[in-house]
**Q** 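Next up is a structure, given as C-alpha cells.
Each chain gets a letter, A, B and so on, in the order its sequence line appears, and its residues count up from 1.
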Amino acid sequence: MPELPDVEGFRGVLADHTRAEIRRVDVLDAQVLRGVSGRRLDDALRGHHFTAPRRHGKFLVGPLDGGAAVLFHFGMTGELRWARDGDRHPHDRVVFVLPGGELRFRDMRKLQGIRFAADDDAVARILGGVGPDAMDVGRERFAELLTRRQVKATLTDQSVIGGIGNLLADEILWRARIHPRRKGADMSTEDVRWLHARMRTVLSAAIPTGRVPPRKSWLTGRRDEPAGSCPRCGTTLRHGRAGGRGTVWCPSCQPE
DNA sequence: GTGAATGTTCATTC
DNA sequence: GGAATGAACATTCA
C-alpha cells in the first residue's frame, strides 16, 4: 500500500501518541528490524516517548525525547495502527506498548521494516539516499530531475523524488495526460510545468484521505477492473509495463 | 501450480 | 556512465 499519502496517514497515527511513555517494545518478528536488535530497540525506547513525527518520502521518522529516532518504512504491505485492546494480528511484527494501548507495526510481506537512529546524523544518513520529498520539489528543481529516462521510472525512483509509488505515478501521469514511457528529455517546458502542477494536485487530494483514493473518477478506481474505462473519455484502459512495474494508462488521453 | 501485488536493491546487459 | 530489465526478498490472493 504505502505511498506518500498513506505514510502521511501513519504519521497522523503516531502523532496522536506522542508524549505517552513507552513501557516496552515487543518484537514479535525480528526480521523487520534493520540494523538494530530487538534488545537494543527496547532498551533505547523504554521509558522514553515519541515527539512530533515527520515524513520524508515514504519514510516515517518518529523522533524520541533525547535525540534518537525510530524510522519506519512500510514496503508494500506495512501499516501502523493504534489499538486500545483486542488481539494482535499474526502480521503484527513490532508493538510499542504505551499506557493506554499499543502502536502496532503490521507488515505481511516484510519487504522493508524498522530502523533505529541514535542521533540526527544517523537519521540524515538514512534519509540521505532519498531525493527531495514530492511535496517539497519546486517547479524548477522538478524540471532538472526529469532526464532522458522514462518519466514514470523517474517519478517512482526514490533517490530522485521521495514519496511517489506505482499507483500515484500512474494517477499523476493520467491526470497530466502524459504517457508513462515518455522520455523526460522529450517533454516541453510546458509539459513539465503541467506535470508538476498535476503531481501537486493529486498529492494534495490524496493526503487528507490517507491513501490513493480508489474513486471512480480517478484512474486508481478503475485500474483493477479487467476492462476498466477511462473516467475522462471512456476509452478502455491499457495495461502494460513501464519503469519495471505494472502500469495502467489511457491510450486516448495519453498517446505514446 | 502460476503470476502478480501500492517497494527496494543488486546484478546483468545494452 | 546511463538506462532498462530481471531476479531476489516474503507472503497472500486470484
**Q** Students often get this wrong, so: under 4.0 angstrom with heavy atoms, is G165(A) touching a base, only sugar-phosphate, or nothing?
**A**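 Sugar-phosphate contact only - G165(A) comes under 4.0 Å of backbone atoms but never of a base.
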
**Q** Taking only side-chain N and O atoms of T156(A), does any of them lie within less than 4.0 angstrom of OP1 or OP2 on dG7(B)?
**A**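 Answer no for this pair, as no side-chain N or O of T156(A) is under 4.0 Å from OP1 or OP2.
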
**Q** DNA chain B in dot-bracket, Watson-Crick or G-U pairs under 3.5 Å, [ ] crossing, | other strand?
**A** .||||.||||||||

**Q** Give a yes or no on whether the ring-centroid distance for F74(A) and F105(A) is below 6.0 angstrom.
**A**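 Yes: the rings meet the under 6.0 Å criterion.
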
**Q** Could you check whether atom CZ of R34(A) has more than 12 heavy atoms from other residues, nucleotides or ligands sitting under 6.0 Å from it?
**A**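 For R34(A), atom CZ is crowded (more than 12 foreign heavy atoms under 6.0 Å).
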
**Q** Reckon T220(A) touches a base, only the sugar-phosphate, or nothing at all at heavy-atom distances under 4.0 Å?
**A**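 Counting heavy atoms under 4.0 Å across all strands, no contact is made by T220(A).
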
**Q** Counting only heavy atoms not in R139(A), do more than 12 fall under 6.0 Å of its CZ?
**A**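 Not more than 12 within 6.0 Å, no.
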
**Q** If you measure from the P atom in dT2(B) to the same atom in dA7(C), how many Å do you get, rounded?
**A**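 Pairwise P distance, dT2(B) against dA7(C), rounds to 14 Å.
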
**Q** Can you check the Q112(A) CD to dC10(B) P distance for me, whole Å?
**A**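 Checked: the CD to P distance equals 11 Å.
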
**Q** Would T201(A) and R198(A) count as a side-chain hydrogen bond (donor to acceptor under 3.5 Å, both in side chains) if you check the C-alpha gap in whole Å, the side-chain angles of each, and the deciding distance to 0.1 Å?
**A** CA-CA 5 Å; T201(A) 304; R198(A) 289 318 106 213; 2.9 Å; yes

**Q** Of R115(A) and R223(A), whose closest DNA chain B nucleotide lies nearer the 5' terminus?
**A**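 Checking each residue's closest nucleotide, the 5'-ward one belongs to R223(A).
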
**Q** What's the CG-P distance between D170(A) and dG7(B), to the nearest Å?
**A**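 My rounded result for the distance is 10 Å.
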
**Q** Would you say the ring centroid of F116(A) lies under 6.0 angstrom from that of F72(A)?
**A**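 No, ring centres 6.0 Å or more apart.
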
**Q** In whole Å, measure the gap between the P atoms of dT8(B) and dG1(C) for me.
**A**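 The same atom, P, in both gives a distance of 25 Å.
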
**Q** Can you give one letter per nucleotide of nucleotides 7-14 of chain C, going 5' to 3': B for a protein heavy atom under 4.0 Å from the base, S for sugar-phosphate only, - for none?
**A** --BBBS--

**Q** Measure CZ/R245(A) against C1'/dG7(B) and give the value in whole Å, please.
**A**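 Result: 6 Å.
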
**Q** Any ion pair linking D6(A) and R211(A) (charged N to carboxylate O, less than 4.0 Å)?
**A**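 Between D6(A) and R211(A) there is no salt bridge, as every charged N stays at least 4.0 Å from the carboxylate O atoms.
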
**Q** Does H73(A) place a side-chain N or O at less than 4.0 Å from the phosphate oxygens OP1/OP2 of dG7(B)?
**A**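 For dG7(B), neither OP1 nor OP2 has a side-chain N or O of H73(A) closer than 4.0 Å.
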
**Q** Can you measure H239(A) atom NE2 to dA5(B) atom P for me and round it to whole angstrom units?
**A**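 One finds 10 Å between P of dA5(B) and NE2 of H239(A), rounded.
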
**Q** Would you tell me whether H48(A) and D65(A) have side-chain atoms, one donor and one acceptor, within less than 3.5 Å of each other?
**A**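 Yes, a side-chain donor-acceptor pair sits under 3.5 Å.
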
**Q** Tell me, please, whether W249(A) has R181(A) positioned over its six-membered ring: NZ or CZ under 6.0 Å from the ring centre and within 45 degrees of its axis?
**A**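 Positive - R181(A) is close enough to the ring of W249(A) and near enough to its axis.
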
**Q** What integer distance in Å separates I161(A):CD1 from dG7(B):P?
**A**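 Nearest whole value for this atom pair: 14 Å.
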
**Q** Checking D191(A) against S188(A): is there a side-chain donor and acceptor pair closer than 3.5 Å?
**A**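 Yes.
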
**Q** Take the protein atom CZ of R149(A) and the nucleotide atom P of dG1(C), then report the distance between them rounded to whole Å.
**A**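 Going from R149(A) (CZ) to dG1(C) (P), I get 16 Å.
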
**Q** Under 4.0 Å: is that the gap between some side-chain N or O of Q158(A) and OP1 or OP2 of dT8(B)?
**A**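 Indeed, a polar side-chain atom of Q158(A) lies that close.
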
**Q** So if I take every side-chain heavy atom of R148(A) and compare against dT8(B), dA4(C), dA3(C), which nucleotide ends up nearest?
**A**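 My answer, after comparing the listed nucleotides, is dA3(C).
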
**Q** Rounded off to whole Å, could you give me the NZ-to-C1' distance for the K183(A) and dA3(C) pair?
**A**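 My rounded result for the distance is 9 Å.
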
**Q** K58(A) has an atom NZ; how far is it from atom P of dT9(B), in whole Å?
**A**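 Spelled out: NZ on K58(A) to P on dT9(B) is 10 Å.
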
**Q** Report yes or no: does Q254(A) contribute a side-chain atom to a donor-acceptor pair with the main-chain N or O of C250(A) at less than 3.5 Å?
**A**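 Yes, Q254(A) side chain to C250(A) backbone: donor-acceptor pair under 3.5 Å.
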
